[in-house]
Amino acid sequence: MSAGPAAALGLPPPGGELAEPDPEVFWDSARQFPTGVAVLTADHPLGPHGTTVSSFAFVSRRPPLISVCLKRPSSFLSLVRSGGEFGVNVLVHEQAVLARRFATPGRAPGATQFEGVPYAAGDASGAPLLDGSAAWLECRVDRVLAAGDHDLVLARVLFARRAAASTQCSPLVYHAGRFATTQTQE
């Protein structure tokens with residue numbers, strides 16, 4: 001008699017207690033899920049600020065809502081909580097350098113982050129919208145929920161625009177700790 005798939009996976013019998021997974025195994029498992037990459041941006045009196053995220057998702061069409069997870073503590077999370085509005089720049093493969101720049105811990109704050117980065121201020125939020133992105137959203141925080149060691153930000157989209165050539169671009173993807181792109185298959 002076979003022990004069954006649950007036993008083969010190391011799971012307890014039905015009705016048994018589940019042990020919390022090893023944090024490293026859990027994180028390595030989560031990194032196997034490919035995600036898109038975006039740079040969140042916000043206008044601030046001390047200068048613009050940005051951060052790279054791969055935990056961005058569209059939530060609802062009507063009303064237009066998105067979500068993003070930000071690690072606590074995070075300077076960007078503080079800006080979003082105080083200012084309430086931010087931009088989302090959906091990156092293309094050619095923007096991997098920008099993704100790395102805005103993901104670097106300890107990077108210089110404020111306008112220094114944007115030196116040499118072409119952008120325009122969004123009309124709805126004032127947030128920097130990075131040239132060359134596949135799409136741009138301007139958002140206002142609807143609510144922030146504590147979620148483990150992160151905060152889940154739910155935001156209403158105030159403005160959305162996509163690049164004219166966005167259907168032909170190669171999106172930037174994050175998978176297994178590396179940036180990559182996709183291949184279109186028809």
[Y] backbone acceptor or donor facing [X] side chain under 3.5 Å:
X: R161; Y: W136; value: no
X: Q113; Y: R101; value: no
X: S133; Y: L129; value: no
X: S125; Y: G122; value: no
X: R178; Y: H175; value: no
X: D142; Y: L154; value: no

Are [X] and [Y] grouped together when hydrophobic residues (ILVMFWY) are joined by side-chain heavy atoms under 4.5 angstrom apart?
X: L98; Y: L172; result: yes
X: F86; Y: F58; result: yes
X: L137; Y: V144; result: yes
X: V88; Y: V80; result: yes
X: L40; Y: V153; result: yes

How about [X] and [Y]: do any of their side-chain heavy atoms sit closer than 4.5 Å?
X: P171; Y: H93; value: no
X: V173; Y: T181; value: no
X: Y174; Y: V53; value: no
X: F159; Y: V157; value: no
X: F26; Y: D22; value: no
X: E85; Y: V141; value: no
X: V59; Y: S67; value: yes
X: L77; Y: R72; value: yes

Quick check for you: to the nearest 0.5 Å, what is the distance between [X] atom [atom1] and [Y] atom [atom2]?
X: L158; Y: D123; atom1: CG; atom2: CG; value: 11.5 Å
X: R143; Y: L145; atom1: CZ; atom2: CG; value: 7.0 Å
X: F56; Y: L91; atom1: CZ; atom2: CG; value: 11.0 Å
X: E138; Y: D43; atom1: CD; atom2: CG; value: 10.5 Å
X: L130; Y: F102; atom1: CG; atom2: CZ; value: 6.0 Å
X: L79; Y: L70; atom1: CG; atom2: CG; value: 10.5 Å

Search all heavy atoms of [X] against all heavy atoms of [Y] and return the closest pair with its distance.
X: G132; Y: V92; answer: O-CG2, 3.5 Å
X: F179; Y: A99; answer: CZ-CB, 3.5 Å
X: A127; Y: A42; answer: CB-CA, 4.1 Å

Just distance, no hydrogens or angles: give the donor-acceptor pairs under 3.5 Å from side chains in residues 114-121, sequence neighbours left out.
none

Working for side chain to side chain contact (heavy atoms under 4.5 Å, CB included), residues V90 and Q95: CA-CA 10 Å; V90 178; Q95 292 176 304; over 6 Å; no
Cationic N near anionic O, under 4.0 Å, K71 to D151: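 Salt bridge flag = no for D151 with K71.
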Residue pairs involving residues 52-66 (criterion side-chain hydrogen bond (donor to acceptor under 3.5 Å, both in side chains); sequence neighbours excluded):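 Every pair satisfying side-chain hydrogen bond (donor to acceptor under 3.5 Å, both in side chains) with a residue in residues 52-66: there are none.
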Which pairs pass side-chain hydrogen bond (donor to acceptor under 3.5 Å, both in side chains) with one or both residues in residues 24-35, sequence neighbours excluded?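 side-chain hydrogen bond (donor to acceptor under 3.5 Å, both in side chains) check on residues 24-35 returns no pairs.
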Go through the side-chain N and O atoms of H49 and T41 and say whether any donor and acceptor fall under 3.5 Å apart.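 The answer is no; no qualifying pair exists.
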